[in-house]
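To start, the structure itself, in structure tokens.
Only heavy atoms go into these numbers, but all of them, side chains included; no hydrogens, no water, no symmetry mates. A quick note: this is a predicted structure, and the numbers were derived from the prediction, not measured.
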Amino acid sequence: MSTLPHPVAAVCQVTASPDKEANFSACKQMVEEAKERGASMVFLPEGFDYIGSSREETLSLSESLTGDTISQYAQLARKLEVWLSLGGFHEQGHEWESDRRIYNSHVIINDKGDVISVYRKSHLFDVELPEKGVSLKESAFTIPGHSLVSPVQTPIGKVGLGICYDLRFPELSLALQRHGAEILTYPSAFTVATGAAHWEV
């Protein structure tokens, strides 16, 4: 447990690849460092598990919430006694065997290694930027979530869950705030073109 006067949250950045083992190794190292520095909750970005190079690869690497990836993070949370926000996990849909579609899921794991909340992204990102050579259609293989989830009481406060493009829809933030959220989270992954349009680098 942290001896600091206020709870500490760590926000980590990672450039994920299709190599799930390498991504876990990089994230594990950041989570361990964050814990050493006194963090009681660590936030990882959208696509922390992997970023596929194609639709087919993205789908083939996806897992259920009971798969190896979430199990590894649950063990890590339990071992380090730290809360984890895993924002943007490629979760196989409930009808995976018949429709081969996924959810983009924000998963909260407590310091005992229990999955205590799962929010499935409701606003999917579709964009065509021919001049930049960018064509993204998340809706082609992702199922939109149908509801928000109640804010989660964590060591750093009551956390409201969103993912990336959800930020563009203020009603979600307002609803989470009305339900008591003290912190709003929108873990994100950007392409080079969309990142340059939103951030100073």
* Asked: Okay, side chain of Ser60, backbone of Glu57: is any donor-acceptor separation there less than 3.5 Å?
  -> yes
* Asked: With hydrophobic residues grouped by side-chain heavy-atom distances under 4.5 Å, do Leu84 and Val159 end up in a single group?
  -> no
* So does Glu131 have more than 12 non-hydrogen atoms from other groups sitting under 6.0 Å from CD? -> yes
* To do: Starting at OG of Ser85, measure out to CE of Met41 and round the result to the nearest 0.5 Å.
  => 5.0 Å
* Any chance you could measure Asn104, atom CG, to Tyr119, atom OH, to the nearest 0.5 Å? => 9.0 Å
* **Heavy-atom side-chain proximity of Ile143 to Glu95 below 4.5 angstrom** => no
* What are the two closest non-hydrogen atoms of Pro18 and Leu61, and how far apart are they? -> O-CD1, 3.6 Å
* Counting only N and O atoms by type, is there a donor-acceptor contact under 3.5 Å from the side chain of Asp114 to the main-chain atoms of Ile116? -> no
* Asked: Between Val14 and Leu44, does a side chain to side chain contact (heavy atoms under 4.5 Å, CB included) hold up when you go through it step by step?
  -> CA-CA 8 Å; Val14 63; Leu44 295 175; 5.6 Å; no
* Spell out, as yes or no, whether a donor-acceptor pair under 3.5 Å connects the side chain of Ser17 to the backbone of Asp19. => yes
* Distance, nearest 0.5 Å, that separates CZ of Phe89 from CD1 of Ile163 -> 11.5 Å
* To do: Return the minimal non-hydrogen interatomic distance between Arg101 and Trp96, and the atom names on each side.
  => O-CE3, 3.4 Å
* For the pair Leu86 and Ile70, evaluate side chain to side chain contact (heavy atoms under 4.5 Å, CB included) and give the outcome as yes or no after the intermediate values. => CA-CA 9 Å; Leu86 307 176; Ile70 295 299; 3.9 Å; yes
* Could you check Lys112 against Arg78 for side chain to side chain contact (heavy atoms under 4.5 Å, CB included), going step by step and ending with a plain yes or no? => CA-CA 5 Å; Lys112 303 203 176 7; Arg78 185 169 46 252; 5.6 Å; no
* Write down the atom of Ser105, the atom of Tyr103, and the distance for their closest heavy-atom approach. => OG-CB, 3.4 Å
* Asked: Can you get from Val152 to Val118 by hopping between Ile, Leu, Val, Met, Phe, Trp and Tyr side chains that sit under 4.5 Å apart?
  -> no
* To do: With rounding to the nearest 0.5 Å, note down the distance linking OH in Tyr186 to CZ in Phe43.
  => 13.0 Å
* Asked: What is the minimum heavy-atom distance between Ser188 and Pro45, and which atoms define it?
  -> O-CB, 3.7 Å
* Asked: Taking the side chain as C-beta and beyond, is there a heavy-atom pair between Ile109 and Leu76 under 4.5 Å?
  -> no
* **Euclidean distance, His146 NE2 relative to Ser122 OG, rounded to 0.5 Å** => 9.5 Å
* Asked: So, Ser71 side chain and Gly67 main chain: donor-acceptor pair closer than 3.5 Å or not?
  -> yes
* Give a yes or no on whether the backbone of Thr58 and the side-chain of Tyr50 come within a donor-acceptor separation of less than 3.5 Å. => yes
* Asked: For the side chain of Gln92 and the backbone of Ser62, is there at least one donor-acceptor N/O pair under 3.5 Å apart?
  -> yes
* To do: Establish whether Tyr73 and Leu161 are linked, either directly or via other cluster members, by ILVMFWY side-chain heavy-atom contacts under 4.5 Å.
  => no
* Asked: Any sub-3.5 Å donor-acceptor pair from Asp49's side-chain atoms to Lys20's backbone N or O?
  -> no
* Report whether Ile108 and Val8 are members of the same hydrophobic cluster (ILVMFWY, side-chain heavy atoms less than 4.5 Å apart, transitive linking). => no
* Short side-chain to backbone donor-acceptor contact, Asp166 and His123, under 3.5 Å -> yes
* To do: Measure the spacing between CZ of Phe24 and CD of Gln29 and express it to the nearest 0.5 Å.
  => 11.5 Å
* Asked: Tell me, do Val42 and Cys12 make a side-chain contact under 4.5 Å, heavy atoms counted?
  -> yes
* For Ser40 and Pro155, work out which heavy atoms get closest and say how close. => OG-CB, 3.7 Å
* Asked: Which heavy atom of Gly180 sits nearest a heavy atom of Pro151, and at what distance?
  -> C-CG, 4.4 Å
* **Aromatic Phe141 / basic Arg55 pairing, under 6.0 angstrom, 45° off normal** => no
* Check: Thr185 side chain, Ile183 main-chain N or O, donor-acceptor pair, under 3.5 Å -> no
* Is a side-chain donor or acceptor of Lys35 paired with a backbone partner of Val82 at a separation under 3.5 angstrom? -> no
* Kindly determine whether Leu59 and Ile102 satisfy side chain to side chain contact (heavy atoms under 4.5 Å, CB included), including the steps that lead there. => CA-CA 7 Å; Leu59 293 173; Ile102 60 174; 3.8 Å; yes
* Do Val115 and Trp83 belong to the same hydrophobic cluster, where Ile, Leu, Val, Met, Phe, Trp and Tyr are linked whenever their side-chain heavy atoms lie under 4.5 Å apart, directly or via other members? -> no
